[in-house]
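Notes for the one structure printed next.
To find a chain, count down the sequence lines: A is the first, B the second, and so on, and within it residues start at 1. Here the structure is a predicted model, which is why all the values come from computation and not from measurement.
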Amino acid sequence: MPELPEVETIRRGLEPCVVGLSLESVTVTDQKVLDWSAKEGRLAAVEGQRIEAVSRRGKYLVMVLDRHYLIFHLGMTGQLTIRDPRRHDSAFFERTVTGLEWCEQHAPDRHTHLHLFLGDGRQLLFRDIRKFGRVYVLGRSAEELAAFFRVHRLGIEPFTSDYNLKAFLSGFKNRTLRLKSLLLNQSFVAGVGNIYADEALFEAGVHPARRVCGLRKAEKERLFLAVQKVLERGIEFGGTSFRDFVNSEGEKGTNQEKLYVYGREGEPCLTCGTPIVKTVISQRGTHFCPTCQPRGGKRL
DNA sequence: CGTTGATCCTGGGCGC
DNA sequence: TGCGCCCAGGATCAAC
């Protein structure tokens with residue numbers, strides 16, 4: 001599930017190899033992944049434009065072109081990979097010197113919905129098994145971009161000056177929803193998904209089912225630091241490849257080996273040894289340690 | 001307005 | 001071995 005760290009990992013991989021190249025042509029094999037803004041020829045408008053930058057806001061990847069923004073949201077299973085057609089695709093191939101080698105490059109298949117042909121002969125492939133991902137085309141103006149993020153209700157951006165304690169605390173005021181729901185809400189902090197929500201709640205030592213208005217100040221402050229900390233770790237280890245995530249080179253991340261609670265149901269808590277519990281909170285699988293994250297809050 | 005729940009989509013894992 | 005069932009979840013939208 002591409003959350004902020006996974007999208008940032010892709011962004012960092014893409015940036016050095018596509019910036020400065022032209023987007024020669026675009027081929028769509030499934031219209032389903034196109035937002036209305038990219039349908040009926042509006043995506044073809046990007047053909048011939050130069051890629052000036054690759055940026056990110058929350059879980060959205062933004063390619064800055066001459067006259068447009070080309071925006072990707074990867075949904076659940078979306079992948080953006082670079083492919084060099086002059087190289088072998090994912091397969092073992094024979095090298096005269098080093099012998100058998102595994103090539104990570106992703107070959108296009110029936111889940112590859114978009115081909116972007118780049119000026120240097122390489123391709124950028126958008127692949128999405130479950131088709132929850134979307135591609136958007138926006139005119140290149142600050143107003144239009146701001147309106148896009150307003151419409152999609154994106155909240156505080158981690159790792160910027162917007163991510164400050166005052167803004168963070170305002171998300172807790174007069175609200176009755178559970179902590180897990182608050183963290184999954186993109187209008188609170190942009191970029192947190194199911195994995196990092198569970199990890200942040202563990203890091204802060206708070207129970208995911210607690211109501212947000214019932215938190216003590218110290219607990220909110222711990223969560224404020226925890227959210228950014230777990231996202232930072234995710235980026236540091238190249239993203240979490242629980243299932244489908246691969247970076248722009250088609251390689252898996254290693255953050256799945258660093259998780260404390262997500263996907264560890266029944267396994268001992270790395271802090272106290274208590275078996276990790278999995279429940280459902282607001283329709284989402286939720287993992288926590290009942291000892292480190294007691295419902296009544298931690299007594300110090 | 002705030003909150004909850006259904007919906008989309010496909011592959012994988014499980015039980016029989 | 002194979003079939004059917006259910007689960008995974010990000011964002012949106014309807015309903016209360």
Sugar-phosphate only, base, or nothing, as touched by Arg175(A) at under 4.0 Å among non-hydrogen atoms: sugar-phosphate

Interatomic distance, Phe245(A) CZ vs dG9(C) P [rounded to whole Å]: 17 Å

DNA chain B: 5'-most and 3'-most nucleotides touching chain A, 4.0 angstrom heavy-atom criterion: dT3(B) to dG12(B)

Test of ring centre spacing under 6.0 Å for His111(A) and Phe126(A): no

Pair of N/O donor and acceptor under 3.5 Å linking dA8(C) base with Arg130(A) side chain: yes

Presence of salt bridge, Lys180(A) and Asp198(A), under 4.0 angstrom: yes

Rounded distance (Å) that lies between atom P of dA8(C) and atom CD1 of Ile281(A): 13 Å

Audit row: Glu219(A), Arg216(A), salt bridge (charged side-chain N to carboxylate O under 4.0 Å, His left out) steps and yes/no: CA-CA 5 Å; Glu219(A) 292 174 321; Arg216(A) 290 193 296 276; 3.5 Å; yes

Touch class at under 4.0 angstrom, heavy-atom based, for Thr176(A) against every strand present: sugar-phosphate

Any donor-acceptor N/O pair, Arg12(A) side chain to Leu14(A) backbone, under 3.5 Å: no

Separation of dG9(C) P from Asp244(A) CG (nearest whole Å): 12 Å

Under 5.5 Å and under 30°: Phe132(A) stacked on dA11(C): no

Sugar-phosphate only, base, or nothing, as touched by Gly133(A) at under 4.0 Å among non-hydrogen atoms: nothing

Whole angstrom value for the distance that separates P of dG10(C) from CG of Asp35(A): 19 Å

Sugar-phosphate, base or nothing in reach of Tyr262(A), heavy atoms under 4.0 Å: sugar-phosphate

Nearest-Å distance for atom pair CZ/P, residues Arg134(A) and dA11(C): 12 Å

Most 5' of His152(A) and Met76(A) on DNA chain C, judged by nearest nucleotide: Met76(A)

Backbone of Val7(A) reached by a side-chain donor or acceptor of Arg56(A) within 3.5 Å: no

dA11(C) OP1/OP2 closer than 4.0 Å to side-chain N/O of Gln186(A): yes

Contact summary for Ala197(A) and Leu184(A), nearest pair of heavy atoms: CB-CD2, 4.1 Å

Euclidean distance, atom CZ of residue Phe149(A) to atom P of dA11(C) [Å, nearest integer]: 12 Å

Interatomic distance where OH belongs to Tyr196(A) and P belongs to dG10(C) [whole Å]: 12 Å

Check ion pair Arg140(A)-Asp66(A) (N to O, under 4.0 angstrom): no

His73(A) side chain near dG10(C) phosphate (N/O to OP1/OP2, under 4.0 Å): no

Below 4.0 Å: OP1/OP2 of dA11(C) and any side-chain N or O of Tyr136(A): no

Residues Arg11(A) and Glu8(A) bridged, charged N to O under 4.0 Å: yes

First of Arg243(A) and Asn174(A) reached from the 5' end of DNA chain B, by closest nucleotide: Asn174(A)

Closest-nucleotide 5' rank along DNA chain B - winner of Arg284(A) and Arg211(A): Arg211(A)

Any Lys278(A) side-chain nitrogen or oxygen under 4.0 Å from OP1 or OP2 of dA8(C): yes

Atom-to-atom span, CG of Asn185(A) to P of dA11(C) - whole angstrom: 10 Å

